[in-house]
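First up is the structure itself, then whatever we jot down about it.
In what follows, chains are A, B, ... by sequence order, proteins preceding strands, each numbered from 1. Just so it is clear, the values below take in all heavy atoms, side chains as well, and ignore hydrogens, waters and symmetry mates. Keep in mind that this is a model prediction, so the values were computed, not measured.
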Protein chains: 2
Amino acid sequence: MNAENGSSRGAWSLQVNALGGFIRAQRQLARLSLRDMAAMTSVSNAYLSQVERGLHQPSLKVLHSIADALQLSTEQLLSQAGWGPAPTEPVVHADPGPVEAGVEDAIARDPRLSAEQRVALVSVYRSFVGD
Amino acid sequence: MNAENGSSRGAWSLQVNALGGFIRAQRQLARLSLRDMAAMTSVSNAYLSQVERGLHQPSLKVLHSIADALQLSTEQLLSQAGWGPAPTEPVVHADPGPVEAGVEDAIARDPRLSAEQRVALVSVYRSFVGD
DNA sequence: ACGCTCTGCTTGACATACTTAACGAGGGCG
DNA sequence: CGCCCTCGTTAAGTATGTCAAGCAGAGCGT
C-alpha cells in the first residue's frame with residue numbers, strides 16, 4: 001500500500017518531474033485529454049497520467065509516441081528527460097547589461113510559481129520561440 | 001548453441017539489431033571487454049551482451065551510460081536506435097522589445113509569440129498560479 | 001433528486017528491462 | 001596433463017514499465 005500522497009513532499013528533487021510537467025503543459029495547451037492523447041500515442045491514459053506526475057520514467061518508445069502526438073521534436077523531450085549535459089555549450093546568463101529577455105525573466109521572478117512549474121513554463125515558452 | 005545466426009533472418013526488427021551491432025563495434029574498437037564496459041557504465045555485462053545482440057531495448061539511462069563510456073554523442077546512439085526524423089517546425093526569429101513586468105505582460109509583449117501561443121501560454125500560467 | 005458523460009486517478013495483473021550467479025570455450029603457464 | 005584467468009553467454013531472479021478495468025468528482029441535461 002502505498003500510502004503516500006499528500007503529506008510529505010520533500011524528496012522531489014531533480015527535474016524528474018520537469019519532463020512530466022512539460023508534457024502535461026504541452027498536452028493541455030494542445031487541448032487534449034489524457035484519453036485523447038492515449039488514443040494518439042497507443043499508450044494508456046493511466047500510464048500517461050503517471051508519467052506526467054513523475055511517477056514513472058517512460059521508455060524510448062513511449063517518449064517518441066508522445067513527442068509525435070504533441071508535434072514536438074524528440075530532442076526537445078529528451079532534453080527535458082533528465083538528459084543533462086548535452087555536448088552543446090550551455091549559454092549562461094552573463095547579464096552584461098539591461099535585461100531584455102522579458103518572458104523568461106518574468107517567469108523566474110514570479111514568486112507564485114514553484115521551481116517545477118517554472119521549468120515547465122520556460123520549456124513551453126522556448127518551444128514556441130524556438131530558442 | 002546459438003551459433004552464429006546466419007540461417008534465418010526474417011522476422012528480426014531491422015533497427016533493433018543495428019543499435020546493438022553499432023554498440024558492439026564501437027566497444028570492440030575501443031578495445032573494451034563487456035566487463036570493462038560494465039564497470040564504466042554500471043550496467044551488468046550480461047545485460048550489455050543482450051543489448052548488443054538486440055535482445056533488449058535499453059532505457060535512456062543505460063543508453064546514456066553507454067554513450068558516455070564509448071565517448072559518443074547520445075544523438076549518434078539514438079539515431080541508431082531507430083528514431084525517425086521528427087517533423088521539426090520552422091521557427092521564425094525576430095527582435096524582442098525590452099520591457100519588464102509580470103509574466104502575463106511579458107507574454108503579451110513578446111513579438112515572437114503568435115496570438116494563439118500567447119493565449120495558450122497565459123492559460124498554462126494561470127493554471128499554475130491557480131487564478 | 002437522478003442519470004449521463006466527461007475528466008484525472010488508483011489498483012492489480014502482466015510484460016519487459018535489468019542483475020547476480022553461474023556456465024562453457026579459449027589461452028597461457030607450471 | 002591440470003590450473004587459473006578472461007572472454008561472451010545463459011538461467012533465474014528482482015525491479016520497473018505498461019495495460020485494462022474500475023472509482024471519485026465535476027458539469028450538464030431530462
Side-chain angles (χ1 to χ4, degrees), chain A residues 1-7 9 14 16-17 19-70 77-78 81-82 120, chain B residues 1-6 12-13 15-17 19-70 77-78 81-82 123-124 127-128 130:
Chain A
M1 315 222 40
N2 147 23
E4 189 285 310
N5 340 22
S7 311
R9 185 151 285 261
L14 308 162
V16 165
N17 217 10
L19 174 65
F22 179 71
I23 292 175
R24 171 153 294 189
Q26 290 290 332
R27 177 177 61 81
Q28 288 176 341
L29 63 81
R31 315 283 194 254
L32 294 170
S33 75
L34 281 173
R35 282 176 170 82
D36 290 339
M37 195 160 124
M40 311 171 79
T41 56
S42 309
V43 176
S44 75
N45 54 356
Y47 188 55
L48 286 176
S49 169
Q50 293 169 1
V51 165
E52 288 186 350
R53 284 174 297 145
L55 298 171
H56 284 296
Q57 180 177 24
S59 71
L60 289 140
K61 257 184 350 209
V62 170
L63 220 43
H64 180 70
S65 301
I66 292 174
D68 212 40
L70 293 177
L77 274 193
L78 283 172
Chain B
M1 245 12 142
N2 161 2
E4 253 345 286
N5 20 7
W12 249 116
S13 40
Q15 306 257 20
V16 169
N17 215 7
L19 174 65
F22 181 70
I23 291 175
R24 171 154 292 188
Q26 290 294 324
R27 177 177 60 82
Q28 290 175 341
L29 206 136
R31 312 274 190 254
L32 293 170
S33 75
L34 281 174
R35 283 178 170 82
D36 290 339
M37 196 161 125
M40 311 171 81
T41 55
S42 309
V43 176
S44 71
N45 54 351
Y47 186 56
L48 287 176
S49 169
Q50 293 170 17
V51 165
E52 288 187 349
R53 283 173 300 145
L55 287 119
H56 284 297
Q57 201 180 153
S59 70
L60 290 137
K61 254 181 1 205
V62 170
L63 220 43
H64 178 74
S65 302
I66 292 174
D68 211 41
L70 293 177
L77 276 193
L78 286 171
S123 71
V124 173
S127 79
F128 280 166

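- Residue contacts for B:Ser42: at a heavy-atom cut-off of 4.0 Å it reaches the sugar-phosphate backbone alone, with no base atom in range.
- Which of C:dG8, D:dA11, C:dA17 sits closest to the side chain of B:Ala46 comes down to D:dA11.
- Rounded to an integer number of Å, the gap from A:Leu63 CG to C:dA17 P is 15 Å.
- Counting only N and O atoms by type, the side chains of A:Ser33 and A:Asp36 include a donor and acceptor under 3.5 Å apart.
- The OG atom of B:Ser49 sits 5.5 Å away from the CZ atom of B:Arg24 when rounded to the nearest 0.5 Å.
- Residues B:Leu19 and B:Pro58 meet the side-chain proximity criterion, which asks for heavy atoms closer than 4.5 Å.
- The A:Gln57 side chain lies nearest to D:dG17 when the options are D:dG17, C:dC9, D:dT18.
- Counting to the nearest Å, the P atom of D:dT18 and the CG atom of A:Leu34 are 15 Å from each other.
- Closest approach to the A:Tyr47 side chain among D:dC7, C:dG8, D:dC19 is made by D:dC19 (side chain taken as heavy atoms from C-beta onward).
- Heavy atoms of A:Ser33 sit under 4.0 angstrom from primed sugar atoms or phosphate atoms, though from no base atom.
- Look at CE on B:Met37: it is 12 Å from P on C:dT19, rounded to the nearest Å.
- Following rounding to the nearest Å, B:Arg24 (CZ) and D:dT9 (C1') show an atom-to-atom distance of 9 Å.
- Each of B:Arg35 and B:Val43 has a nearest nucleotide on DNA chain C; the 5'-most of these lies closest to B:Val43.
- The line from CG of B:Leu34 to CD of B:Gln28 is 8.5 Å long, rounded to the nearest 0.5 Å.
- One finds a side-chain N or O of A:Arg27 lying less than 4.0 angstrom from the OP1 or OP2 phosphate oxygen of C:dG8.
- What separates CD of A:Glu52 from C1' of D:dT18 is a distance of 15 Å, to the nearest Å.
- When the P atom of D:dC5 is taken as reference, atom CG of B:Asn45 falls 18 Å away, rounded to whole Å.
- In this structure, A:Ser59 reaches the sugar-phosphate backbone alone: every heavy-atom distance under 4.0 Å involves primed, P, OP1 or OP2 atoms, never a base.
- In this structure, CD of A:Gln50 is placed 10 Å from C1' of C:dT11, rounded to the nearest angstrom.
- Among D:dC19, D:dT10, D:dG8, the nucleotide with an atom closest to any side-chain atom of B:Arg53 is D:dT10.
- Residue A:His56 has its side chain nearest to D:dG17 when only D:dG17, C:dG8, C:dC18 are considered.
- Contact annotation: the side chain of B:Leu77 never approaches that of B:Leu70 to less than 4.5 Å [non-hydrogen atoms, C-beta and beyond].
- Note: CG (B:Leu55) to P (D:dT10) measures 8 Å, nearest angstrom.
- Candidate nucleotides C:dT20, D:dT18, C:dT7 were compared by shortest atom distance to the side chain of B:Ser44, and C:dT20 ranks first.
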